[in-house]
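Structure record follows, encoded as structure tokens.
Chain naming here is simple, since letters A, B, ... match the order of the sequence lines and numbering starts at 1 in each. Just so it is clear, the structure is predicted and the values come from calculations on it, not from any experiment. What's counted below: heavy atoms across the whole structure, side chains too, no hydrogens, waters or symmetry copies.
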Number of protein chains: 2
Amino acid sequence: MTMVRQTRQRQAVIEVLRASREHPDAAWIHGQVRGRLPHVSLGTVYRTLDALVRDGVVLTIERAGQATRYDYRHEGEDHHHAVCRGCGAIFDVDAEAMPCIPVAALPPGFQVTEVRLEFMGLCPDCTPQPNAES
Amino acid sequence: MTMVRQTRQRQAVIEVLRASREHPDAAWIHGQVRGRLPHVSLGTVYRTLDALVRDGVVLTIERAGQATRYDYRHEGEDHHHAVCRGCGAIFDVDAEAMPCIPVAALPPGFQVTEVRLEFMGLCPDCTPQPNAES
DNA sequence: GTCCTTGCAAATGGTTTGCAGTGCC
DNA sequence: GGCACTGCAAACCATTTGCAAGGAC
């Protein structure tokens, strides 16, 4: 049975993740962690993040060709995401105001570990102005 | 104003996409298209797929470090996806049995072009057997 | 004829991996 | 002391891009 060890590196990654609400990517997290532990490698950050995702502690927002963004699941703060295809900005969307009723329609025997509801689109800054220059 | 041209390559990509219900990735589509048009390049397939996604004709299922899967939106067949983290299999989930009620909670001015509901988890084949060998 | 598209191939860049040394339990 | 974890750097591979030639309108 796999034994998970507590290390300085992992604590640092978790702390950085909990402290930020900007859905950071691995490189940014790496930079922050290095502020305290200068020799931590990107590889370790990725390995730690993978473990956190597997444990369900952290959610991901994945986009092809772009860095995965990580989202720490704060207690009792369920939310979904609105992702701008233009600038990549990610907005939180309150889950309570966006109810989703999973009924029995999943493949038999499928074990759900995470439900993702993502709204893809364009944020105000990236929406073409209807009334401006061409 | 941008003018979109009809080309043999684009028609082929669309046809392949419409004919398959297996959520193929770009490489697979490329292989199929080459069956008819041997010189079509992967780059062209990607460019065409990008255009189709922008037009809302095709949906994507994106996973970090793995090929994006493309899903042609067949008429009146709204569905969500269940994605296995083990083998990468993608199952369709009927949208009607999985209602999702978007209320006004999105960022003001955010233009939604696509709503994604994804169930991440493990399919029966990838679920650790509770009663088998260690 | 214009200029959007394509093919090719090289570049990009996020993520993964092998390995030898390190340190948690 | 065993073995999970780490740092480093190289490897991977999906995706993007530059450019000259080709084709749709």
Side-chain angles (χ1 to χ4, degrees), chain A residues 1-17 23-55 58-71 83 85-88 90 134, chain B residues 1-14 16-17 23-55 58 60-71 83 85-88 90 134:
Chain A
M1 145 107 82
T2 19
M3 148 106 65
V4 177
R5 290 175 183 171
Q6 187 69 343
T7 65
R8 228 165 313 147
Q9 292 86 332
R10 281 184 185 159
Q11 288 173 352
V13 169
I14 295 176
E15 272 176 45
V16 167
L17 224 29
H23 316 286
D25 60 23
W28 188 90
I29 295 169
H30 184 217
Q32 292 296 106
V33 169
R34 278 205 158 172
R36 311 178 205 179
L37 305 174
H39 291 290
V40 172
S41 69
L42 230 200
T44 294
V45 171
Y46 271 112
R47 280 184 284 231
T48 301
L49 290 171
D50 279 352
L52 294 175
V53 170
R54 259 196 305 283
D55 290 352
V58 164
L59 300 184
T60 60
I61 298 144
E62 310 180 30
R63 293 227 282 150
Q66 280 164 75
T68 296
R69 308 282 285 270
Y70 297 85
D71 184 26
V83 183
R85 280 217 189 269
C87 61
I90 298 173
S134 77
Chain B
M1 147 104 88
T2 18
M3 149 106 67
V4 177
R5 290 176 184 170
Q6 188 69 341
T7 65
R8 227 165 315 145
Q9 292 86 332
R10 282 184 186 160
Q11 288 173 352
V13 169
I14 295 175
V16 167
L17 226 27
H23 316 286
D25 59 23
W28 188 90
I29 294 168
H30 183 217
Q32 293 296 108
V33 169
R34 278 205 157 171
R36 311 179 205 178
L37 305 172
H39 290 289
V40 172
S41 70
L42 230 199
T44 294
V45 171
Y46 272 112
R47 280 184 284 233
T48 302
L49 290 171
D50 279 351
L52 294 175
V53 169
R54 260 197 305 284
D55 290 351
V58 164
T60 59
I61 298 144
E62 309 180 31
R63 292 227 282 151
Q66 281 165 74
T68 296
R69 308 281 286 270
Y70 297 85
D71 183 27
V83 183
R85 281 217 189 269
C87 60
I90 298 174
S134 77

[X] [atom1] - [N] [atom2] separation (whole Å):
X	N	atom1	atom2	result
A:R69	C:dG13	CZ	P	17 Å
A:W28	C:dT15	CH2	P	16 Å
A:L49	C:dT17	CG	P	15 Å
B:R54	C:dC4	CZ	C1'	13 Å
B:D50	C:dC4	CG	P	17 Å
A:D25	C:dG13	CG	C1'	12 Å
B:Q11	D:dG23	CD	P	15 Å
B:I61	D:dA14	CD1	P	17 Å

Item to complete: Identify which nucleotide among C:dT16, D:dT15, C:dT15 has an atom closest to any side-chain atom of A:T68, counting heavy atoms from C-beta outward.
Response: C:dT15

Discussion item. Please pick, from C:dG7, D:dT6, C:dG14, the nucleotide with the shortest atom-to-atom distance to any side-chain atom of A:A67.
Written reply: C:dG14

Where the side chain of [X] meets the backbone of [Y], is there a donor-acceptor pair that is under 3.5 Å apart?
X	Y	value
B:T48	B:T44	yes
A:E62	B:A64	yes
B:R54	B:L49	no

Worksheet entry | Annotated protein contacts, base or backbone, on nucleotides 20-25 of chain C with a non-hydrogen cut-off under 4.0 Å, one of B, S, - each | ---BBS

Using side-chain heavy atoms (C-beta onward) and a distance below 4.5 Å, is [X] in contact with [Y]?
X	Y	answer
B:V58	B:D71	no
B:P24	B:L17	yes
A:I61	A:Y70	no
B:V4	B:R10	yes
A:R63	A:T68	no
B:T60	B:R69	no

Discussion item. Using a strict heavy-atom distance below 4.0 Å, which residues from residues 40-48 of chain B are in contact with DNA chain C?
Written reply: B:V40, B:S41, B:T44, B:R47

Fill in: B:Y70 or A:R34, whichever maps to the more 5' nucleotide of DNA chain D
A:R34

Worksheet item: At how many degrees, to 10°, do the end axes of the helix from C:dG1-D:dC25 to C:dC25-D:dG1 meet when each uses five pairs?
Response: 50°

Worksheet item: Is A:Q9 near enough to D:dG7 that one of its side-chain N or O atoms lies under 4.0 angstrom from OP1 or OP2?
Response: yes

Fill in: Any A:H39 side-chain N or O less than 4.0 Å from OP1/OP2 of D:dC8
yes

Discussion item. My understanding is that only residues two or more places apart in sequence, or in another chain, count here; which of them pass salt bridge (charged side-chain N to carboxylate O under 4.0 Å, His left out) with B:R36?
Written reply: B:E15

Response to the item:
The answer to which of B:P38 and B:R10 contacts DNA chain C further toward the 5' end, by nearest nucleotide, is B:R10

Response to the item:
Contacts of B:R85 meeting side-chain hydrogen bond (donor to acceptor under 3.5 Å, both in side chains) (sequence neighbours excluded), chain-then-number -> A:E114

Discussion item. Under the rule for side-chain hydrogen bond (donor to acceptor under 3.5 Å, both in side chains), what residues qualify as partners of B:T7, not counting sequence neighbours?
Written reply: none

